[in-house]
Number of protein chains: 4
Amino acid sequence: MPRVSEEHLERRRAQILDAARACFIRKGFHETSMQDIFAESGLSAGAVYRYFKSKTEIIEALASVAIGGLAGYVSEVLKEDPVPPLDDAVGRLTQLIVTMVGPDDTLRLAPQAWALAMYDEQFGTYVRTRMTEVRQLWIMYVERLRDAGMVPPDTDCTAAGKALFGMMPGFVIQYLLVGDLTSEEFRRGLRSLASPATLAPDPA
Amino acid sequence: MPRVSEEHLERRRAQILDAARACFIRKGFHETSMQDIFAESGLSAGAVYRYFKSKTEIIEALASVAIGGLAGYVSEVLKEDPVPPLDDAVGRLTQLIVTMVGPDDTLRLAPQAWALAMYDEQFGTYVRTRMTEVRQLWIMYVERLRDAGMVPPDTDCTAAGKALFGMMPGFVIQYLLVGDLTSEEFRRGLRSLASPATLAPDPA
Amino acid sequence: MPRVSEEHLERRRAQILDAARACFIRKGFHETSMQDIFAESGLSAGAVYRYFKSKTEIIEALASVAIGGLAGYVSEVLKEDPVPPLDDAVGRLTQLIVTMVGPDDTLRLAPQAWALAMYDEQFGTYVRTRMTEVRQLWIMYVERLRDAGMVPPDTDCTAAGKALFGMMPGFVIQYLLVGDLTSEEFRRGLRSLASPATLAPDPA
Amino acid sequence: MPRVSEEHLERRRAQILDAARACFIRKGFHETSMQDIFAESGLSAGAVYRYFKSKTEIIEALASVAIGGLAGYVSEVLKEDPVPPLDDAVGRLTQLIVTMVGPDDTLRLAPQAWALAMYDEQFGTYVRTRMTEVRQLWIMYVERLRDAGMVPPDTDCTAAGKALFGMMPGFVIQYLLVGDLTSEEFRRGLRSLASPATLAPDPA
DNA sequence: CATGAATGAGATTTCATTCAT
DNA sequence: AATGAATGAAATCTCATTCAT
């Protein structure tokens, strides 16, 4: 069935990734065997290996999406003009996470991707790079808050950006794993904490 | 025959867990083979299997520590009297994470444990339970903040507790995986954000 | 449909054999995959299979040439009139081997063909037949030496022919594998040994 | 069944090599599957892989013996004092080949080993080294013939040694593959050719 | 208590070959 | 005539686990 359209090839790749994603969510990267993927996709071994040259390549394709999938949207929200208030920004991004998990479950693989990054040198490097990029968006966002007078002029924007970026994994874990957290509740929680009264007296 | 001291048994178990931990950190749960653990521990297959009846049991032993290891300390800090300010509480607990990673690397397994919990029914249940317990401590902490007048009386303490609890995974990931975040910086970041000026106007 | 010239077909066959030969020399018959041959020839699977109905057929086509390729020339030299002296005959045939390896490397497959003949019933029969034919030429050559008075009248021509034929593999191996033997040196070596003084006293 | 004697280990290795040798002779290195070796040896996959870490290692173990197996004996014969006549030396070594094929068929693998050496870089180097060593014995043998006055004083001993060494592969192939040559016949053939009358007139 | 040889199912990947287009 | 996607059996090797010693 040769001489096949570019679109056909693309569909096949998607078919394989869909199958692999389903398996990985159900059983994990390593407990999923290639046989599982053949069965789930309805393709033969040879067919799958025509599109991906190893299991690792499939894992990395999906894990990369799980890690980088949100990046574009984060940028969109955080660069909005005028600069959105913090609870809006966080609330909309967590909301986005929720809606994205729906149609394309890839985000459910994020914890597995973090785990993989902890011991796989190469994938770890990729993940660190992507995380640093996205975190940089948060840092720039805090700089804009500062320029807008919404945080004090002497704010350590890098530190604040790291703290904000750090809210996302916590939301993801509670949303995906514990399963009892909504975007709205998270936002509400944030709002109540945003007061100097919660802080230790300034050391200065 | 036997007649071996309780202490001896405990030492053997520790020896095996130490070896397994080192392997798991280096290669991950599933890429680590039992033979890797035999080699790292200097024990024979038979010896290891006398103390743990399967690889799963070893994984679960360590993953449980990675998940629950901090629980006791969290309680200590959050129940302190008088109730510590938010940045103190968070700062001390992230500090604790940092110092705990030193002597006993088990915490480095936390991301792998989260990942495992995503698809392993039984372990997932365990993790959810433990997380909920620890999160409950944060919720109670917010209630004490409220009683002390440090957050408004109408605060949704559950929501706020979830938000606070959610800071921890973000710190862990940035600390372990990206490797460029200190406890002090995280705290500083939090402090600058704790202001109503960062928030959208109250919808009410 | 078709309407393709005989010449075209012949060219395609040659193209495939050229590619296969290159692969076989580089990687051996069995380590070479059909996909290697497709790539080397620049043809598709379907195209190759139109001209050869199996990998075995390709191997046999080339192995046969490797075994039988010299036969015609051997005959030419050994049947020359007047009968050439032994060192001339051997020298010219080894020389021929050397010059033949140049333009068409097929001879480099000879050791693989011998090996194949050792365990492949059918190919072994073919090789035995061809070897026996060529060896017969050597035997007839010795008979002519005898008739010309160059070896004693009671010479066992069969035995002597086998001994002479046996020089060829030794030359091929040293030439192809060790790579430090020339036709001229081989001939010189032979000359110095051709003396009754090297022999044990006649048992008679 | 641990804590096993050195001898047991040695027996197992031998058992595996025996099985592999039988398979390799019957089907060739590459047509023999590891399953074939498991079946022939009566051992499990795991057991075989405890003793040899790859199929290649088994092939090389046997191919090395096939190549180097005779070396010790060659030395013994060629260094004998007084220096044995050429037909004796060749006759006794071919005789040795014949008797060695009997009890331990490894020699039957020689053609496969030559073939392998043609394209396997590493094994090729090994084979070249061993061949050069053994050939050196022949060269030294010719030097002793010269010193004993059995060949002319101006003999090119290297060339003559190469020619003599070259008789062996020819004998092996005719003996193993065609199967109609005896050591005695080969020797007889040599004797009849050892006369200056067979040679072209000296060019000098 | 401890050893470590042995098991054998199962993992990933390759490969000769076919056939719809 | 030619393509090349697809097949699926089979290849090599690994691994958690057992049990005779």
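Just so it is clear: chains get the letters A, B, ... in the order the sequence lines come, proteins before strands, and each one is counted from 1. Everything numeric here is computed off the predicted structure, so don't read it as measured data.
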Non-neighbouring partners of A:R11 that pass side-chain hydrogen bond (donor to acceptor under 3.5 Å, both in side chains), sequence neighbours left out: A:E7
Can you sort out the partners of D:T125 under side-chain hydrogen bond (donor to acceptor under 3.5 Å, both in side chains), two or more places apart, ordered by chain and number? none
Using the ring-ring contact (aromatic ring centres under 6.0 Å, His included) criterion, which residues pair with B:F123? Sequence neighbours excluded. B:Y126
Could you work out which one of E:dA5, E:dA2, F:dC13 sits closest to the side chain of B:R12? E:dA2
Protein-nucleotide distance ([X], atom [atom1]; [N], atom [atom2]), rounded to Å:
X: C:R11; N: F:dA1; atom1: CZ; atom2: C1'; result: 14 Å
X: B:K55; N: F:dT14; atom1: NZ; atom2: C1'; result: 11 Å
X: B:Y49; N: F:dC15; atom1: OH; atom2: P; result: 12 Å

Side-chain contact test, heavy atoms from C-beta onward, threshold under 4.5 Å: evaluate it for C:R108 versus D:Y119 and give yes or no. no
Can you find a pair of side-chain heavy atoms, one from B:E60 and one from B:E57, that are under 4.5 Å apart? no
Can you list, in residue-number order, the parts of residues 26-48 of chain A that come under 4.0 Å of DNA chain F, counting heavy atoms only? A:S44, A:A45, A:G46, A:A47
Within less than 4.0 Å of OP1 or OP2 of [N], is there a side-chain N or O belonging to [X]?
X: B:Y51; N: E:dA2; result: yes
X: A:H8; N: F:dG4; result: no
X: C:R50; N: F:dA1; result: yes

ring-ring contact (aromatic ring centres under 6.0 Å, His included) pairs, two or more places apart, involving residues 15-36 of chain B: A:H30-B:H30, B:F24-B:F29
For A:F52, answer base if it contacts any base atom (sugar-phosphate contacts may also be present), sugar-phosphate if it contacts only those atoms, and nothing otherwise; contact means non-hydrogen atoms under 4.0 Å. nothing
Expected list for residues 60-67 of chain C near DNA chain E, using heavy atoms below 4.0 Å, is none
Any residue meeting side chain to side chain contact (heavy atoms under 4.5 Å, CB included) with [X], in chain and number order, not counting sequence neighbours:
X: C:V48; result: C:I16, C:M34, C:F38, C:S41, C:L43, C:I58
X: B:S44; result: B:A47
X: B:A61; result: B:L17, B:F52
X: C:K27; result: C:E31, C:T32, C:D36

Tell me, please, which residues at least two apart from A:R26 pass salt bridge (Lys or Arg N to Asp or Glu O under 4.0 Å). A:E40
Pairs under 3.5 Å (Watson-Crick or G-U), crossing ones as [ ], inter-strand ones as |: DNA chain F comes out as .||||||||||||||||||||
